[in-house]
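Notes for the one structure printed next.
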Amino acid sequence: MIVKHKKNILSEKAYYFLRDKIIRGEIKANEMITEHNIASYLGMSRTPVKKAITLLETENYVKSIDGVGTFVIGISIQDLSDLYEVRKVIESLALKTAINNIKSQDIEIMMQKLDDILFKYDNNEIIESSYIADVDDEVHNLILNNSRNNYIKKLFNNIKSQIIRYQYEAYILTDTGKDSTIQHKEILENIMNRNFELAKKSLENHINWSFNVLSQALSNNISID
């Protein structure tokens with residue numbers, strides 16, 4: 001039992017290591033992943049790495065080709081469309097029960113982070129795209145985590161990592177961090193005022209805008225390499 005538990009821990013370590021590298025674009029689309037290299041880097045055998053890769057394949061991060069190897073799957077516009085369609089429905093439903101649960105103090109803390117980002121933009125300071133993506137994730141998590149619908153939370157968790165991947169790509173491929181930050185502020189202001197209809201409208205508009213920006217970037221064949 002102890003050995004099995006240890007193997008599970010190692011496979012989880014390998015899984016999150018690879019998944020985070022893919023999400024952040026550190027392992028790029030069409031790049032080959034080898035069990036031997038990953039196992040050597042992480043200081044473990046190939047068995048837990050193989051298990052991690054199998055799980056990543058079921059989640060559509062990688063594709064294994066017999067006799068060739070395992071490659072990172074790129075981002076497609078169709079996948080993006082499908083994901084954002086589901087995302088908009090889930091987040092709008094989550095907002096319905098979350099809007100009166102989110103503490104004003106938590107909104108104020110989040111608003112301060114957004115104001116800090118806008119201040120840096122206005123003063124031409126360098127802002128890491130990864131940081132903007134992380135704050136973006138925090139705003140949406142504030143809504144999801146405060147929803148009283150546990151089924152919505154479970155559904156969102158199934159697609160969350162893919163959403164984060166697209167968020168990272170959006171800020172890498174496009175210079176839209178300031179616009180996105182302004183939209184996040186509008187969403188939070190409407191939540192602070194407990195105005196569900198306006199909050200829902202601003203949330204859905206933001207998700208639609210995010211899809212359009214990223215799909216346009218992808219369709220223009222901007223390289224992700």
Side-chain angles (χ1 to χ4, degrees), residues 1-87 90 128-138 140-141 144-145 151-174 210-211 214-215 217-225:
M1 293 297 293
I2 295 177
V3 174
K4 182 178 180 182
H5 180 60
K6 183 178 180 180
K7 284 183 178 180
N8 287 337
I9 292 175
L10 291 175
S11 64
E12 286 181 9
K13 180 181 178 181
Y15 166 78
Y16 285 113
F17 171 80
L18 289 169
R19 194 197 70 172
D20 290 346
K21 290 285 187 183
I22 294 171
I23 287 174
R24 294 175 181 272
E26 295 173 27
I27 302 179
K28 302 184 183 301
N30 302 316
E31 189 171 334
M32 180 184 286
I33 295 175
T34 63
E35 295 175 11
H36 174 76
N37 289 345
I38 299 300
S40 177
Y41 182 86
L42 295 176
M44 61 179 67
S45 70
R46 292 172 60 180
T47 301
V49 175
K50 183 178 180 64
K51 184 176 180 181
I53 289 175
T54 298
L55 180 55
L56 287 168
E57 189 164 15
T58 65
E59 295 178 345
N60 207 36
Y61 284 106
V62 301
K63 181 180 180 65
S64 296
I65 303 175
D66 291 340
V68 181
T70 301
F71 300 87
V72 174
I73 296 175
I75 292 173
S76 74
I77 294 177
Q78 183 58 55
D79 287 341
L80 179 70
S81 177
D82 293 343
L83 182 66
Y84 270 62
E85 184 177 6
V86 173
R87 178 189 180 186
I90 290 177
E128 293 292 335
S129 59
S130 59
Y131 175 71
I132 300 175
D134 288 341
V135 174
D136 184 323
D137 189 42
E138 286 183 46
H140 293 276
N141 281 341
L144 270 298
N145 292 339
Y151 286 99
I152 287 177
K153 292 179 182 178
K154 290 178 181 178
L155 287 171
F156 187 78
N157 283 335
N158 290 335
I159 63 172
K160 182 178 178 180
S161 60
Q162 290 286 3
I163 289 174
I164 294 173
R165 184 185 184 189
Y166 281 111
Q167 287 171 340
Y168 270 92
E169 293 298 341
Y171 294 121
I172 291 171
L173 292 175
T174 66
S210 298
F211 167 74
L214 188 49
S215 62
L218 292 172
S219 66
N220 287 340
N221 295 317
I222 297 177
S223 175
I224 301 177
D225 296 338

Subject >> Rounded distance (nearest 0.5 Å) linking atom CZ of Phe156 with atom CG of Leu144 >> reply: 4.5 Å

Subject >> Pairwise distance CD1(Ile9) to CE(Met44) - rounded to 0.5 angstrom >> reply: 10.5 Å

Subject >> Set of residues satisfying side chain to side chain donor-acceptor pair (under 3.5 Å) with respect to Asn60, sequence neighbours excluded >> reply: none

Original post:
Do Gln162 side-chain atoms and Glu59 backbone N/O form a donor-acceptor pair below 3.5 Å?
Top reply: yes

**OP:** Give the minimum heavy-atom separation between Ile159 and Leu83, together with the two atoms involved.
**Re:** CB-CD1, 3.7 Å

**OP:** Check side chain to side chain donor-acceptor pair (under 3.5 Å) between Ser45 and all other residues, then give those that pass, not counting sequence neighbours.
**Re:** none

**OP:** Decide yes or no on side-chain contact (heavy atoms from CB on, under 4.5 Å) for Leu10 and Lys51, but give the supporting numbers first.
**Re:** CA-CA 10 Å; Leu10 291 175; Lys51 184 176 180 181; over 6 Å; no

Original post:
Any donor-acceptor pair under 3.5 Å linking the side chain of Ser81 with the backbone of Ile77?
Top reply: no

Original post:
For Lys21, what residues pass the side chain to side chain donor-acceptor pair (under 3.5 Å) criterion, not counting sequence neighbours?
Top reply: Glu26

Subject >> For the student: nearest non-hydrogen atoms of Ile23 and Ser161, plus distance >> reply: CD1-O, 3.7 Å

**OP:** Mark yes when over 12 heavy atoms from residues, nucleotides or ligands other than Lys153 sit less than 6.0 Å from its NZ; otherwise mark no.
**Re:** yes

**OP:** Apply the test side-chain contact (heavy atoms from CB on, under 4.5 Å) to residues Val62 and Ile22: give CA-CA distance (whole Å), side-chain angles for both, the deciding distance (0.1 Å), then the verdict.
**Re:** CA-CA 9 Å; Val62 301; Ile22 294 171; 4.0 Å; yes

**OP:** State, with a plain yes or no, whether a side-chain heavy atom of Tyr61 is found less than 4.5 Å away from one of Leu18.
**Re:** no

**OP:** Starting at OG1 of Thr70, measure out to CD1 of Ile53 and round the result to the nearest 0.5 Å.
**Re:** 5.0 Å

Original post:
Is the closest side-chain donor-acceptor distance between Tyr84 and Ser215 under 3.5 Å?
Top reply: no

Original post:
What are the two closest heavy atoms between Ala14 and Leu42, and how far apart are they?
Top reply: CA-CD1, 3.8 Å

**OP:** Working to the nearest 0.5 Å, report the span between CG of Leu80 and CG of Asp82.
**Re:** 9.0 Å

**OP:** Answer with yes or no whether the side chains of Asn145 and Asn141 bring together a donor and an acceptor at under 3.5 Å.
**Re:** no

Original post:
Does the side chain of Pro48 reach to within under 4.5 Å of the side chain of Lys13, using non-hydrogen atoms?
Top reply: no

Original post:
What closest approach, in Å, do Val68 and Met32 show between heavy atoms, and which atom pair accounts for it?
Top reply: O-CE, 3.5 Å

Subject >> Value rounded to 0.5 Å, distance of CD in Glu57 from CD1 in Ile33 >> reply: 10.5 Å

Original post:
So does Tyr131 have more than 12 non-hydrogen atoms from other groups sitting under 6.0 Å from OH?
Top reply: yes

Original post:
At what distance, to the nearest 0.5 angstrom, does CD1 of Ile38 lie from NZ of Lys50?
Top reply: 14.5 Å

**OP:** State, yes or no, whether a side-chain contact exists between Lys28 and Val72 at a heavy-atom distance under 4.5 Å.
**Re:** no

